[in-house]
Amino acid sequence: MKLKDSIALVTGASSGIGYAAAMALAKEGAHLVLLCRNPEKGEAAMRAIAQASQNPKIDLLLADLSDQESIRKVGQYARESYPKLDILINNAGAIFPKRRLSLDGLEQHIALNHMGYFLLTHQLMALLRAGERKQILNLSSSAHKLVRKLELDNLQGEKRFGRFYQYGLSKLFNLYFTQQLAQRFGPDGFGVNALHPGVVNTNFSQEGKGFTAFLYRHLGRFMRQPEQVGQQILQLLTADEYLLIEGQYFTPKGVEQPSVLAQDRALAEQIWERSMDWGKIEEYGILD
Ligand SMILES: NC(=O)c1ccc[n+]([C@@H]2O[C@H](COP(=O)([O-])OP(=O)(O)OC[C@H]3O[C@@H](n4cnc5c(N)ncnc54)[C@H](OP(=O)(O)O)[C@@H]3O)[C@@H](O)[C@H]2O)c1
């Protein structure tokens with residue numbers, strides 16, 4: 001199926017990798033749904049992508065992906081507005097310097113970087129089933145390797161909190177989610193993979209005064225550029241083998257093995273079950 005007949009939803013499309021991926025897909029003629037948090041930034045991205053791609057099929061949806069009510073609302077709106085979804089790119093994410101809880105009482109890295117992917121995908125599953133491509137790409141990170149051992153009694157940083165560890169944990173969960181989605185939905189024709197994009201010159205981590213913020217603010221030109229990642233995402237999604245090699249971990253070099261911990265299927269299953277509880281998915285219904 002050609003991209004010009006596809007509908008693609010990209011989260012965090014107002015800047016960085018999400019913006020670049022949306023631009024690359026829009027230039028190929030896909031109908032783009034940009035899911036953004038900030039209305040002004042979202043509208044600016046929509047205008048810039050429409051102008052550069054000369055593609056009139058660019059829509060904007062607004063949601064705070066760290067807030068489950070907001071995710072459920074935007075999910076319902078998408079189900080009422082579109083006949084199908086062919087491609088979902090779960091990308092919106094951040095690193096938070098201090099431990100903060102979301103409105104749902106989850107630690108913010110888990111709420112946004114993990115549950116933002118998990119719950120939104122559930123909300124959009126019926127649309128993805130109706131799509132011909134059935135492709136999901138989850139932005140993860142090599143930072144998942146910072147987690148050597150899973151402390152099941154400290155997943156929300158209740159006992160100890162370190163921002164790099166907690167960010168890494170959320171990115172490990174992205175890999176568990178990818179593995180579980182591929183296992184559960186691969187037989188129905190879904191292609192699900194994860195990408196570590198490299199160190200990319202985006203707005204990521206520019207908040208704060210730490211060393212990482214300094215690096216991202218001042219050494220951007222030595223990093224990978226978001227446009228390169230946008231092109232890699234386009235190539236991944238249009239490669240014939242996307243559906244065949246599902247559940248894989250891509251990096252700028254190609255397919256690689258994630259950490260040993262990330263390959264633990266029993267833990268992946270356990271985190272899936274916990275996420276069902278964190279997202280109150282039984283209570284609100286599973287949309288498959
Ligand atoms: N950059 C890197 O070096 C790097 C490396 C490895 C992995 N990654 C991953 O790549 C993904 C994209 O990051 P990026 O580098 O492109 O960073 P970015 O430029 O900061 O973009 C992050 C996007 O997420 C959105 N976002 C943040 N909080 C949100 C919320 N509560 N609800 C909805 N959207 C929200 C942001 O919206 P606003 O514009 O409103 O802030 C922005 O559009 C992340 O998942 C990150 O973990 C990045």
Side-chain angles (χ1 to χ4, degrees), residues 9-24 33-46 48-49 60-71 73-75 88-96 100-104 106-120 137-146 163-164 166-175 177-178 194-208 212-213 215-217 219-230 232-233 249-252 256 258:
L9 188 147
V10 182
T11 72
S14 57
S15 76
I17 295 165
Y19 176 82
M23 180 71 89
V33 185
L34 315 180
L35 199 160
C36 300
R37 160 177 65 169
N38 178 306
E40 288 81 32
K41 282 169 131 183
E43 273 159 32
M46 183 171 67
I49 292 173
L60 174 65
L61 300 186
L62 295 172
D64 178 345
L65 293 173
S66 66
D67 171 0
Q68 297 187 356
E69 193 186 338
S70 181
I71 298 176
K73 275 193 188 146
V74 83
L88 170 62
I89 303 180
N90 285 311
N91 162 78
I95 185 161
F96 301 96
R100 279 208 323 248
L101 296 185
S102 71
L103 289 173
D104 303 285
L106 297 174
E107 190 283 321
Q108 194 70 3
H109 290 93
I110 301 300
L112 173 63
N113 299 356
H114 169 55
M115 289 307 294
Y117 291 15
F118 190 93
L119 191 54
L120 184 71
L137 182 67
N138 296 321
L139 267 289
S140 177
S141 170
S142 62
H144 78 273
K145 294 180 182 164
L146 295 171
R163 65 179 152 152
F164 294 115
Q166 201 67 26
Y167 173 71
L169 188 67
S170 67
K171 295 287 128 182
L172 174 66
F173 287 3
N174 296 160
L175 295 177
F177 181 47
T178 302
L195 173 67
H196 160 60
V199 179
V200 191
N201 180 18
T202 65
N203 291 337
F204 187 75
S205 193
Q206 295 209 11
E207 213 185 286
T212 322
L215 288 182
Y216 274 87
R217 268 202 299 269
L219 298 181
R221 66 181 186 282
F222 300 112
M223 297 175 179
R224 212 172 176 217
Q225 300 307 312
E227 295 73 24
Q228 292 174 281
V229 186
Q232 186 184 7
I233 289 175
Y249 172 63
F250 285 90
T251 74
E256 287 191 32

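As the structure lists them, so they are numbered: ligands from 1, and atoms in each ligand from 1. Predicted, not measured: the structure shown is a model, and the values here were computed from it.
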With a 6.0 Å cut-off on ring centres, are [X] and [Y] close enough?
{"X": "Phe177", "Y": "Tyr117", "value": "no"}
{"X": "His144", "Y": "Phe173", "value": "no"}
{"X": "His109", "Y": "Phe96", "value": "yes"}

Selection from [options] by shortest heavy-atom distance to [atom]:
{"atom": "atom 8 (N) of ligand 1", "options": "Pro197, Ala20, Ser102", "result": "Pro197"}
{"atom": "atom 11 (C) of ligand 1", "options": "Asn91, Ile17, Leu62", "result": "Asn91"}
{"atom": "atom 20 (O) of ligand 1", "options": "Phe204, Tyr19, Phe96", "result": "Phe204"}

Side chain or backbone, does [X] bring an N or O within less than 3.5 Å of an N or O on ligand 1?
{"X": "Arg37", "answer": "yes"}
{"X": "Cys36", "answer": "no"}
{"X": "Gly12", "answer": "yes"}
{"X": "Ala92", "answer": "no"}
{"X": "Leu65", "answer": "yes"}

Of the side chain and backbone of Ala94, name the one, both, or neither that has a heavy atom under 4.0 Å from an atom of ligand 1.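 Within the 4.0 Å criterion, Ala94 makes no contact with ligand 1.
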Record the part of Ile95 in heavy-atom contact with ligand 1 below 4.0 Å; permitted values are side chain, backbone, both and neither. neither
Please check if any side-chain donor atom of Arg224 sits under 3.5 Å from a side-chain acceptor atom of Gln232, or the reverse. yes
Could you list which atoms of ligand 1 come closer than 4.0 Å to a heavy atom of [X]?
{"X": "Val199", "value": "3 (O)"}
{"X": "Ser14", "value": "37 (O), 38 (P), 39 (O), 42 (C), 43 (O)"}
{"X": "Asp64", "value": "30 (C), 31 (N), 32 (N)"}
{"X": "Ser140", "value": "6 (C), 7 (C)"}
{"X": "Gly16", "value": "16 (O), 19 (O)"}
{"X": "Asn38", "value": "40 (O)"}

Is there a side-chain contact between [X] and [Y], using heavy atoms and a 4.5 Å cut-off?
{"X": "Met115", "Y": "Ser66", "result": "no"}
{"X": "Leu195", "Y": "Asn138", "result": "no"}
{"X": "Leu61", "Y": "Val33", "result": "yes"}

Counting neighbours of NZ on Lys145 that are heavy atoms of other residues, nucleotides or ligands and sit closer than 6.0 Å, is the number greater than 12?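 Atom NZ in Lys145 is packed in, count exceeds 12.
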Within the supplied structure, the quantity of interest is the number of heavy atoms (other residues, nucleotides, ligands) at a distance under 6.0 Å from Glu69 CD; does it exceed 12? no
Start with the C-alpha gap between Ser70 and Asp64, add the side-chain angles, then the distance that decides, and say whether side chain to side chain donor-acceptor pair (under 3.5 Å) holds. CA-CA 6 Å; Ser70 181; Asp64 178 345; 5.9 Å; no
Are any of the heavy atoms in [X] under 4.0 Å away from ligand 1?
{"X": "Tyr167", "answer": "yes"}
{"X": "Lys171", "answer": "yes"}
{"X": "Ala63", "answer": "yes"}
{"X": "Gly42", "answer": "no"}
{"X": "Tyr117", "answer": "yes"}

Ignoring hydrogens, what is the shortest heavy-atom contact between Ser140 and Ala194? Give both atom names and the distance. CB-CB, 4.4 Å
Walk me through whether Leu146 and Leu172 qualify under side chain to side chain contact (heavy atoms under 4.5 Å, CB included). CA-CA 9 Å; Leu146 295 171; Leu172 174 66; over 6 Å; no
Examine distances only and state if a side-chain atom of Asn201 and a backbone atom of Gln225 form a donor-acceptor pair shorter than 3.5 Å.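 No: the side chain of Asn201 does not pair with the backbone of Gln225.
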